[in-house]
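To start, the structure under review is shown below, and the notes come after it.
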Amino acid sequence: RKPVEDIDAYRESLEQIQSAAKALIRGLINKAKRAPKRIIFPEGEHHQILRAANILVDEGIAKPVLMGDRECIETRAAQHDIDLDDIEIFDPRDDERRDEMVCAYYDLRQRKGVTMTEAEAHMAQPEVYAMMMLRKERVDGVVSGLTKAYVESLRPALQIVGVAEGVTGAAGAHIVVSRDNGVKFFSDTTVNIDPDPETLAQTAIKISELARTLDVEPKIAMLSYSAFGTSRHPNASKVAQATRILRERHPELIVDGEMQADAALDPELRCEAFDFAELDGEANVLVFPNLDAGNISYKLLDKLGGAEVIGPVLLGMKQPVNVLQRGSSVASIVNLTVLTVLNAQ
Ligand code: ACO
């Protein structure tokens, strides 16, 4: 399968990253390969998506469905020397179920102020059509957002796919493999701007579930600039309140807070100052007090900290959908698709 350079480069990138990250990603890829799923890419015309699809097929991770103008995809594939034999192309303009899809979207959004004319216009946006494809179970998952501002793909995901039964809201997460090879789960890194205590508690539960799916037993630190009541400011109190909610409702969880990041990651330091803290060893699930903190933290680690960062993963959704960071690398697209396939399994 061509182009060999892309596949070799992806494998080489796996070789170059730290051993824990490599082991984690390889483990996830092997799990995905057991039951590859049909994942639709609304930006199927983009060369990065074509290259990622090539790797996904070659590695047996997913059955990619490239959405877009058939001719454009074929021309671009030829330019990049990509063989489209095992890659499905879906051109929504040729979809024989198009009218049914538009009507279904109208039914869904008519009480949200959307008229039939607007429904037609919204469905002309590939990410909206792709989310409807998932809602209608015509595909197993969606990976979107390469060319758009994050919220432009996030909003249709929230509005069309929605959250799972019993979940009050979605949240965003990143898996961070740090220099010392420790795997950490960060949330919320992309969705809720200023979460209340209930949302923070829900976020902690959702990110812990992701950790467990990846065979990591969660030890949760509820992060703040304050440590166990050193500040009574509402920003600190809401984290303390979220911790209380978690402890009351989920006594089985290993969780404590509010605490500073160094106390979360350095058990000695924590024991010295807060020997009452009920957290054993290093925390591996870090719940941030707001989106500023979560988003800035993962980006700093990505750019300055020498950490390998995988995500953003959308937590709490009804069906498997993930929104890429704009301009993601081919490797990031592949890795997020791996997580989408696992979610679909
Ligand atoms: N979970 C589930 N659904 C939600 C959530 C949530 N947390 N938040 C909003 N929604 C739903 C709403 O119910 C609404 O649905 P409806 O239209 O069917 O009624 C829809 O999403 C839109 O919500 P609004 O409240 O109308 O819109 P808002 O402008 O508040 O958008 C959004 C919500 C997009 C999540 C907003 O909170 C936001 O901008 N978050 C930050 C996103 C961001 O910029 N991330 C960081 C950068 S991304 C990166 O670094 C990769």
Side-chain angles (χ1 to χ4, degrees), residues 37-46 49 64-70 72-73 88-173 188 190-196 198-199 202-203 206 291 312-326 336-337 340 343-344:
K37 298 286 173 185
R38 282 180 76 233
I39 307 297
I40 196 163
F41 295 86
E43 291 140 318
E45 295 166 10
H46 197 284
I49 298 288
V65 180
L66 301 182
M67 187 167 167
D69 179 283
R70 186 173 296 277
C72 172
I73 291 173
E88 189 179 332
I89 298 175
F90 175 77
D91 189 336
R93 291 169 312 179
D94 300 339
D95 184 12
E96 53 194 29
R97 292 175 61 184
R98 190 179 168 79
D99 290 347
E100 178 204 328
M101 297 291 283
V102 174
C103 287
Y105 176 79
Y106 173 63
D107 284 348
L108 179 70
R109 301 298 297 166
Q110 60 189 200
R111 287 173 190 271
K112 298 277 181 180
V114 175
T115 63
M116 190 61 186
T117 311
E118 284 166 338
E120 288 272 2
H122 292 183
M123 284 292 275
Q125 296 166 31
E127 63 279 6
V128 172
Y129 209 103
M131 300 299 167
M132 282 303 294
M133 292 285 284
L134 179 60
R135 191 181 163 89
K136 288 289 193 183
E137 298 180 349
R138 296 176 66 187
V139 289
D140 301 315
V142 179
V143 174
S144 178
L146 179 68
T147 60
K148 308 233 159 150
Y150 185 76
V151 287
E152 283 182 50
S153 294
L154 173 64
R155 208 172 269 117
L158 297 176
Q159 291 176 331
I160 297 167
V161 178
V163 292
E165 189 111 356
V167 172
T168 48
D188 186 338
T190 59
V191 179
N192 296 285
I193 296 168
D194 186 14
D196 59 14
E198 185 63 43
T199 307
Q202 293 278 338
T203 298
K206 289 192 289 269
L291 194 56
V313 187
L314 263 185
L315 305 174
M317 300 301 288
K318 197 181 282 171
Q319 290 166 290
V321 51
N322 279 304
V323 176
L324 292 158
Q325 180 169 322
R326 182 163 28 192
L336 198 60
T337 309
T340 312
N343 193 198

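FYI, side chains are in, hydrogens and waters are out, and symmetry mates aren't considered; it's all heavy atoms of this structure.
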side-chain contact (heavy atoms from CB on, under 4.5 Å) assessment of Arg93 paired with Asp69: CA-CA 8 Å; Arg93 291 169 312 179; Asp69 179 283; 2.6 Å; yes

Residue pair Lys112, Gln159: steps toward the side-chain contact (heavy atoms from CB on, under 4.5 Å) verdict: CA-CA 10 Å; Lys112 298 277 181 180; Gln159 291 176 331; over 6 Å; no

Full working for side-chain contact (heavy atoms from CB on, under 4.5 Å) between Asn343 and Met317: CA-CA 10 Å; Asn343 193 198; Met317 300 301 288; 5.9 Å; no

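In this structure, Arg38 contributes its side chain and Arg138 its backbone to a donor-acceptor pair below 3.5 Å. Remark: side-chain polar atoms of Glu127 are not paired, donor with acceptor, to backbone N or O of Pro156 under 3.5 angstrom. Glu152 contributes no side-chain N or O that, together with a main-chain N or O of Gly145, makes up a donor-acceptor pair within less than 3.5 Å.
Qualifying side-chain hydrogen bond (donor to acceptor under 3.5 Å, both in side chains) partners for Glu118, counting only residues two or more places apart in sequence or in other chains: Thr115. For the side-chain contact (heavy atoms from CB on, under 4.5 Å) test, residues two or more places apart in sequence or in another chain that qualify with Val142 are Ile40, Pro42, Ala130, Met131, Leu134, Ser144, Val321. Contacts of Arg97 classified as salt bridge (charged side-chain N to carboxylate O under 4.0 Å, His left out), with partners at least two apart in sequence or in another chain: Glu100.
You'll find the side chain of Val143 reaches within 4.5 Å of the side chain of Leu324, heavy atoms only. Side-chain contact check for Ile73 versus Asp91: every heavy-atom pair is 4.5 Å or farther apart. Using a 4.5 Å heavy-atom threshold, the side chains of Asp95 and Tyr129 count as touching. Residues Asp99 and Val102 form no side-chain contact, since every pair of their non-hydrogen atoms from C-beta on lies 4.5 Å or further apart. Val65 places none of its side-chain heavy atoms less than 4.5 Å from the side chain of Met133. Between Leu66 and Glu45 the shortest side-chain heavy-atom distance does not fall below 4.5 Å. Within the 4.5 Å cutoff, the side chain of Leu291 has no heavy atoms near those of the Asn192 side chain. Contact of the Pro92 side chain with the Arg98 side chain is registered, since non-hydrogen atoms from C-beta on lie closer than 4.5 Å.
With values rounded to the nearest 0.5 angstrom, Ile160 atom CD1 is found 8.5 Å from Arg135 atom CZ. Taking CE of Met101 as the reference point, atom CD of Glu96 lies at 12.0 Å (rounded to 0.5 Å). Taking CG of Asp194 as the start and CG of Asp188 as the end, the distance is 11.5 Å to the nearest 0.5 Å. The CD1 atom of Ile39 sits 9.0 Å away from the CG atom of Asn322 when rounded to the nearest 0.5 Å. Atom OG of Ser153 is separated from atom CG of Leu158 by 11.0 Å, given to the nearest 0.5 angstrom.
Relative ring orientation between Tyr105 and His122 is described as perpendicular, the plane-to-plane angle rising above 60° on a 0-90° scale split at 30° and 60°.
Nearest approach of Tyr150 to Leu314, heavy atoms of both residues: OH-CD2, 4.0 Å. Here the closest heavy-atom approach between residue Lys206 and residue Gly316 is recorded as CD-CA, 3.6 Å. Taking every heavy atom of both residues into account, Thr190 and Leu154 meet most closely at O-CD2, 4.5 Å. Closest non-hydrogen pair, His46 versus Leu146, comes out as ND1-CD2, 3.4 Å. Across all non-hydrogen atoms, the minimal contact from Ala344 to Lys37 is CB-CG, 3.7 Å. Scanning both residues, Ile49 and Gly44, for their nearest heavy atoms gives CG2-CA, 4.0 Å.
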